[in-house]
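Before any comments, here is the structure.
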Number of protein chains: 2
Amino acid sequence: MITVEEAERIVLSQLRDYGVEAIGFEHAAGRILAEDIVADRNLPPFNRVTVDGIAISARSFSSGNWHFKIAGTQAAGDQPLNITAGDECVEIMTGAALPPSADTVIRYEDIAIKDGLAEINIEDISIGQNIHFEGADKKRGDVLVKAGRQITAPIVGIAASVGKAELMVKKLPRVVVITSGDELVNVEDCPGDYQIRRSNNYTVSAVLQKQGVAVSTLHIPDDELVTEQVLEQCINNYDVLILSGGVSMGKFDYIPKALENLQITKLFHKVKQRPGKPFWFGGHANGAVVFAFPGNPVATFMCLHKYFLNWLYAGLGVSVTKPIYAVLASDFAFKPDLSYFLQVALSHDEQARLVATPVEGNGSGDFANLADSDAFIELPAGRDNFMAGELFKVISF
Amino acid sequence: MITVEEAERIVLSQLRDYGVEAIGFEHAAGRILAEDIVADRNLPPFNRVTVDGIAISARSFSSGNWHFKIAGTQAAGDQPLNITAGDECVEIMTGAALPPSADTVIRYEDIAIKDGLAEINIEDISIGQNIHFEGADKKRGDVLVKAGRQITAPIVGIAASVGKAELMVKKLPRVVVITSGDELVNVEDCPGDYQIRRSNNYTVSAVLQKQGVAVSTLHIPDDELVTEQVLEQCINNYDVLILSGGVSMGKFDYIPKALENLQITKLFHKVKQRPGKPFWFGGHANGAVVFAFPGNPVATFMCLHKYFLNWLYAGLGVSVTKPIYAVLASDFAFKPDLSYFLQVALSHDEQARLVATPVEGNGSGDFANLADSDAFIELPAGRDNFMAGELFKVISF
């Protein structure tokens with residue numbers, strides 16, 4: 001059986017590039033940018049006034065002139081007015097372009113206006129005050145956002161500001177989530193005494209929808225022939241198959257055999273981890289990738305985050321983020337020689353340290369506890385006892 | 001001018017309750033749960049086998065019996081078989097219900113099967129092993145998820161597992177985002193020398209869409225009459241107006257006057273903060289709430305997170321989360337007697353402490369830097385110098 005680290009390495013050896021596509025910038029949040037966003041002008045594009053008030057020449061003020069005749073009013077968007085005399089000013093609004101002969105702006109709070117004359121009420125002014133100078137932030141041609149970034153709300157705004165109505169983004173894989181097992185009934189149905197309702201497909205879909213990945217879902221019964229037929233169609237129509245259930249050693253676990261019959265190369269089956277030990281991973285020559293997770297809801301959820309999402313973002317070229325570590329809040333013992341992914345609630349203590357508090361539960365089957373958890377903390381194999389205060393990697397969700 | 005704390009208190013005094021609605025659980029992620037999700041059965045609902053193998057009576061094994069005749073095979077979902085003799089076993093699959101006369105499960109890895117006889121290859125077994133007992137996680141009627149929680153992917157799965165195809169969730173306010181200013185042109189248009197493109201409405205929409213809030217957008221020109229007409233329609237058709245721009249002291253800032261003409265009570269105008277000093281906040285007798293933010297993109301973005309989102313979640317009844325503090329990574333000086341919301345990039349250091357590194361910029365106008373920031377750190381008014389290593393509140397986005 002391979003270790004978590006080996007499993008991770010093998011999964012990340014199977015990255016796929018699905019190409020790029022252009023989409024409207026308004027719908028691009030969450031997607032991965034596939035081009036640089038570049039400043040089309042200097043930022044600001046002109047000497048931009050940052051308050052409402054008057055624009056003057058500082059030299060005129062420092063030579064003793066406290067009164068300025070208002071030569072005109074200039075709104076944001078207007079062509080800048082010209083002041084011809086040193087004792088003139090322009091009444092000017094936030095966002096307007098500074099008149100070429102002015103170099104300083106005094107805000108309304110510091111002047112009094114009477115009969116077309118502005119009187120300055122403060123003694124200290126500094127040349128250039130209340131002006132955001134052209135190109136102070138960025139120069140035309142500067143890269144504002146680099147390719148490879150996940151598009152956030154500010155990046156949507158930046159795209160708007162430079163006129164990028166369409167953005168090139170990385171294409172996402174077509175994903176199908178497949179559940180199996182005759183013991184599973186529909187949500188609307190009342191399960192028999194020994195049945196349960198299907199839920200993993202909904203959890204997986206909700207996680208992927210949050211990442212902007214559209215998901216199809218399918219359920220296959222415990223039937224060898226149907227299993228193989230359905231999987232064959234999926235291999236031909238999707239880039240990624242995420243299976244939940246049917247990968248243990250059970251007599252009715254037809255999936256590993258069907259996958260092999262369909263020429264899907266098994267890259268590993270079983271990982272030294274709990275939950276998720278029976279995880280099966282493989283790929284088809286046509287490029288399709290198969291993540292077959294055990295049906296235990298916590299196992300599916302953990303493997304989805306630990307393996308699938310990492311694979312997805314690595315393949316999309318997102319700059320790899322450093323792993324996050326948290327302080328284990330209380331001692332924890334786990335005897336089997338497996339990596340244990342313990343459900344924890346994250347918080348920050350009074351020193352701003354990230355603390356992971358184990359959420360009580362009965363091991364990997366207790367799905368209800370996931371509602372009270374934020375993350376899994378990864379307790380490595382080869383040790384039995386993990387002490388409060390030690391740092392371990394966390395996968396937040 | 002009021003402080004940030006006073007502004008926060010006044011904003012939070014204007015909470016509104018928009019009621020509840022039923023929605024399909026599959027579309028409920030991100031919404032606020034308005035009912036408890038309760039276990040409809042014990043969890044697990046039966047003594048659930050957690051491995052593939054054989055079910056036996058431990059007493060028979062401890063009395064020296066190492067060979068068990070396979071009396072039948074039981075899949076997940078099947079009615080439990082009955083073992084009548086002590087030397088019989090049931091070949092049983094993960095997820096199946098334990099036969100009533102069995103109390104222990106041995107996995108395939110620890111047995112050898114030949115001619116319908118299973119031989120146990122291990123010496124130590126413990127009674128009850130590999131069984132997840134009925135009700136061990138939760139009892140029928142237990143609350144699995146409390147009302148007031150934001151619905152996550154695991155909660156979607158939990159709803160599915162207990163058959164809640166519809167969930168009661170808090171209704172969201174109808175929000176309109178209104179920009180103003182004749183200097184603003186459409187994204188597709190080429191701005192004149194002294195114009196810029198509209199972007200705040202897109203940023204605000206992207207933030208709110210991420211919260212599941214549908215948003216309408218409107219742009220009003222710098223015209224007193226039109227401003228009042230449009231705002232009047234909005235007050236009658238929306239629960240919340242988020243305005244960006246037009247709230248300074250400028251001659252063409254018709255918005256504060258129009259809002260007062262429309263009988264919208266001004267609760268404050270101007271806050272001792274940068275960015276966002278000219279923030280105007282008020283409410284109408286019909287319940288509508290008006291957040292009028294300054295047009296500076298960073299100011300709008302900060303105020304949206306600091307004031308609007310806090311107001312939204314408090315009104316939706318989300319259990320108040322503790323503020324998060326981060327360690328300032330480098331000394332920072334800010335002289336004006338205002339709370340300063342500094343753009344920072346968050347990371348965790350080797351002690352798992354949350355560290356906030358200031359993102360270089362030219363003050364509140366530099367919107368492009370938001371792409372490289374994760375959060376604002378709130379440096380309080382009344383101080384000029386903030387030292388590396390000190391802890392301050394952060395608003396992450």
Side-chain angles (χ1 to χ4, degrees), chain A residues 26 29 43 46 52 73 75-79 93-95 97 108 132 136-138 144-145 153-158 160-161 163 165 181-183 187-188 193-195 197 199 202-203 206-207 222 248-252 297 301 324-327 348 351-354 362 365-366 368 370-371 391, chain B residues 26 29 43 46 52 73 75-79 93-95 97 108 132 136-138 144-145 153-158 160-161 163 165 181-183 187-188 194-195 197 199 202-203 206-207 222 248-252 297 301 324-327 348 351-354 362 365-368 370-371 391:
Chain A
E26 290 181 75
L43 289 182
F46 45 82
D52 305 305
T73 302
D78 287 353
Q79 181 83 17
M93 304 305 140
T94 303
Y108 275 133
H132 192 177
D137 293 344
K138 296 288 185 292
L144 303 181
V145 187
I155 294 175
V156 169
I158 289 167
S161 71
D182 285 347
E183 77 277 23
V187 173
E188 304 76 22
D193 284 350
Y194 309 107
Q195 298 181 311
R197 294 189 187 84
S199 66
Y202 300 110
T203 312
V207 171
D222 289 332
S248 303
M249 294 184 72
K251 283 202 149 178
F252 309 106
F301 192 73
I324 294 174
Y325 290 81
V327 179
H348 285 93
Q351 288 149 44
R353 293 186 316 165
L354 188 63
N362 293 294
D366 195 349
L370 274 184
L391 267 71
Chain B
E26 290 180 75
L43 289 182
F46 45 83
D52 305 304
T73 301
D78 286 354
Q79 181 83 19
M93 305 305 140
T94 302
Y108 275 133
H132 193 177
D137 293 346
K138 297 286 184 295
L144 303 181
V145 188
I155 295 175
V156 169
I158 290 167
S161 70
D182 285 347
E183 76 277 23
V187 172
E188 303 75 24
Y194 311 108
Q195 297 180 313
R197 294 189 186 85
S199 65
Y202 301 110
T203 312
V207 171
D222 288 332
S248 302
M249 295 186 70
K251 282 200 150 181
F252 309 106
F301 191 73
I324 293 174
Y325 289 81
V327 179
H348 284 94
Q351 289 148 46
R353 293 186 316 165
L354 187 63
N362 292 294
D366 195 349
F367 186 54
L370 274 184
L391 267 71

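Lettering of chains follows the sequences in order, A, B, ..., and the numbering in each one begins at 1. Note that this is a predicted model, so its numbers are computed, not measured.
In this structure, A:I158 and B:F367 have side chains that are in contact, with non-hydrogen atoms separated by less than 4.5 Å.
With sequence neighbours excluded, the residues satisfying side chain to side chain donor-acceptor pair (under 3.5 Å) with A:Y108 are A:E91.
For chain B, the option among A:E188, A:Q351, A:E183 with the highest count of heavy-atom pairs below 4.5 Å is A:E183. Most heavy-atom pairs under 4.5 Å with chain A: of the set B:S199, B:G95, B:A206, this distinction falls to B:S199. Between chain B and the options A:G163, A:A165, A:A97, the largest number of non-hydrogen pairs under 4.5 Å is found for A:G163.
Of the inter-residue distances, the one linking B:Y194 atom OH with A:Q79 atom CD reads 4.5 Å to the nearest 0.5 angstrom. Considering CG of B:L391 and NE2 of A:H348, their distance stands at 10.0 Å, rounded to 0.5 Å.
Heavy atoms of A:V207 lying under 4.5 Å from chain B belong to its backbone as well as its side chain. In this structure, chain B has heavy atoms under 4.5 Å from both the backbone and the side chain of A:L354. Both the backbone and the side chain of A:L370 come within less than 4.5 Å of a heavy atom in chain B. Contact of B:D78 with chain A is made through the backbone alone, with heavy-atom distances under 4.5 Å. Only the backbone of A:A326 comes within less than 4.5 Å of a heavy atom in chain B; its side chain stays farther off.
In plain terms, the two heavy atoms of A:D193 and B:F46 that are nearest each other are O-CD2, 3.2 Å. In terms of heavy-atom proximity, A:G157 sits nearest to B:T203 at CA-OG1, 3.2 Å.
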